[in-house]
2 protein chains.
Amino acid sequence: MTNPYHPHNHRHCIEDALQEARSLCKDKGARLTPLREKVLELVWQSHSPIGAYDILAELGRLEERSAQPPTVYRALDFLMEHGLIHRLSSLNAFIGCSHPSEQHNSCFLICEKCHVAQEIEHPSIDASLKDCAQSQGFKIIDSSIELTGLCPNCVGANQE
Amino acid sequence: MTNPYHPHNHRHCIEDALQEARSLCKDKGARLTPLREKVLELVWQSHSPIGAYDILAELGRLEERSAQPPTVYRALDFLMEHGLIHRLSSLNAFIGCSHPSEQHNSCFLICEKCHVAQEIEHPSIDASLKDCAQSQGFKIIDSSIELTGLCPNCVGANQE
DNA sequence: CAAAATACGTTATATTGTAACAATTATGAA
DNA sequence: TTCATAATTGTTACAATATAACGTATTTTG
């Protein structure tokens, strides 16, 4: 998996994500329509979360007939349902999922400075969460972990 | 600490929280004004997170002159700054902090059915998160962990 | 093909949160 | 105390995010 902090040909990230989405949807019999694919592509335009209304504006720039909010939110709902994107509730924004084929809990490192959000996976986190919930008799259905701070690129560079 | 899932005299929770808030603010030289204290009390009215506009409505019921949104948000900002409440971003709602005197990362178990949110603390969670972030070179400034599911009371009771 | 399900368009509105400035109240130094 | 300053609250207006409801078009399936 490419490291979002390093320079890279981001077109590859986008293409890979779209390719995997097509394949996954085909397997599941889910309909990745042109609109939904376009929204997924827009979400993947960078490694920073993007807001629904920014997607809406991008769509507006591309099509003549400008879309309305429900159009975007419905596409986002579809993409979330199928694990292709995540919603970062602390930012009211959306970001592409870096490993949509595996069942996983979403856990993000969000840089306050450059706004890159990296999805991480660590068995020990899952384990300790599950442990802790279990000791309380709590059954986890969904988990949202959002860690805000400074990414390796920005932690060194002194804030201007 | 009282267990939010068990029946208890909730007036005690409220009184304890207010008492601790007064004491903490006094120590820090922070001004817990009547308005702020009232908002804190409303947040503590139950163990379920409450929305800003619900607080606003409650204030409206109590006072003749009805408050405006900025009044409530400013009070909430003050209470968050001093660690007296937390914001649950997945719900756009606020809940009283159960141990405001200790520096800690917020971690909540949120029941989908009864809406009780329990704040938990587990060294192993903090440790594994820190570990994982560190291995990426990421410096955590703030963390938000929100686990949604079924609390011990509701996990048994079959959903109607 | 026809019927049903799914997806999308469109209008209107709900919900959550903030900017900006005025009025008031508390604080602290002279 | 008294005035100057800072902090808090009031007030108006609006920004940003999200959804309800219903109509139309497209796709799927028998």
Side-chain angles (χ1 to χ4, degrees), chain A residues 21-22 25-43 48-60 62-82 84-95 115 144 146, chain B residues 21-22 25-43 48-60 62-82 84-95 115 144 146:
Chain A
R22 288 186 203 105
C25 284
K26 197 172 175 187
D27 289 353
K28 291 202 268 184
R31 289 164 57 187
L32 188 64
T33 63
L35 174 65
R36 289 164 173 173
E37 189 170 322
K38 186 71 213 167
V39 170
L40 180 60
E41 183 178 352
L42 289 172
V43 170
S48 309
I50 184 173
Y53 278 75
D54 294 327
I55 295 171
L56 193 57
E58 282 299 307
L59 279 180
L62 302 174
E63 329 262 319
E64 60 222 36
R65 204 126 189 53
S66 77
Q68 297 304 312
T71 298
V72 169
Y73 280 102
R74 282 189 291 229
L76 291 169
D77 284 345
F78 171 88
L79 297 170
M80 279 194 289
E81 246 174 64
H82 293 88
L84 298 168
I85 63 172
H86 293 285
R87 178 168 191 273
L88 298 181
S89 62
S90 68
L91 300 174
N92 291 335
F94 302 84
I95 188 157
H115 302 115
S144 152
E146 300 176 23
Chain B
R22 288 186 203 108
C25 285
K26 196 170 175 189
D27 289 353
K28 291 202 269 184
R31 287 165 59 190
L32 186 64
T33 63
L35 174 65
R36 289 165 173 171
E37 189 171 320
K38 186 71 213 168
V39 170
L40 179 59
E41 183 177 351
L42 288 172
V43 170
S48 309
I50 184 174
Y53 278 76
D54 294 328
I55 295 171
L56 193 57
E58 282 299 307
L59 278 179
L62 301 174
E63 328 263 320
E64 61 220 38
R65 204 129 190 54
S66 77
Q68 297 303 313
T71 299
V72 168
Y73 280 102
R74 283 189 291 230
L76 291 170
D77 284 345
F78 171 88
L79 296 170
M80 278 195 290
E81 245 174 65
H82 292 88
L84 298 168
I85 63 174
H86 293 285
R87 179 171 189 274
L88 299 181
S89 63
S90 67
L91 300 174
N92 292 333
F94 302 84
I95 189 160
H115 303 114
S144 151
E146 300 176 23

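To find a chain, count down the sequence lines: A is the first, B the second, and so on, and within it residues start at 1.
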Integer-rounded Å distance: D:dT8 P and B:Leu35 CG: 11 Å
If you assign A:Arg31 and B:Arg36 each to the DNA chain D nucleotide with the nearest heavy atom, which residue ends up on the more 5' nucleotide? B:Arg36
Is it true that A:Glu37 and A:Arg22 have a side-chain N and a carboxylate O under 4.0 angstrom from each other? yes
Do B:Arg31 and B:Arg36 touch side chain to side chain, with heavy atoms closer than 4.5 Å? yes
Rounded distance in Å - CG (B:Leu76) to P (D:dT9): 12 Å
Separation of D:dT19 C1' from A:Asn92 CG (nearest whole Å): 14 Å
Rounded to the nearest 0.5 angstrom, the CG-CG distance for A:Leu32 and A:Leu84 is 7.0 Å
Could you give the distance from NE2 (B:His82) to NZ (B:Lys28), rounded to the nearest 0.5 Å? 4.5 Å
Return the 5'-most residue of the pair A:Pro70, A:Asp54 with respect to DNA chain D, ranking by each residue's nearest nucleotide. A:Asp54
Closer to the 5' end of DNA chain C via nearest nucleotide, is it B:Arg74 or B:Arg87? B:Arg87
Whole-Å distance, A:Gln68 CD to D:dA20 P, equals 17 Å
How long is the line joining CG of B:Leu56 and P of D:dT12, in whole Å? 14 Å
Grab the CE-P distance between A:Met80 and D:dA18 for me, whole Å please. 9 Å
Between A:Ser48 (side chain only) and A:His115 (backbone N and O only), is there a donor and an acceptor less than 3.5 Å apart? yes
Please round to the nearest 0.5 Å and tell me the distance separating atom CZ of A:Arg87 and atom CD1 of A:Ile95. 13.5 Å
Please determine whether a side-chain nitrogen or oxygen atom of B:Thr71 lies at a distance below 4.0 Å from atom OP1 or OP2 of D:dT11. no
Over how many whole Å does the gap from A:Ile55 atom CD1 to D:dA18 atom P extend? 10 Å
Over all atoms of both residues, closest heavy-atom pair of B:Pro49 and B:Leu88: CG-CD1, 3.4 Å
On DNA chain C, check which nucleotide each of A:Ser66 and A:Phe78 is closest to and give me the residue with the more 5' one. A:Phe78
Outermost nucleotides of DNA chain C that come under 4.0 Å of a non-hydrogen atom of chain B: C:dT16 to C:dA26
Atom CG of A:Asp77 to atom P of D:dA18: distance rounded to whole Å? 10 Å
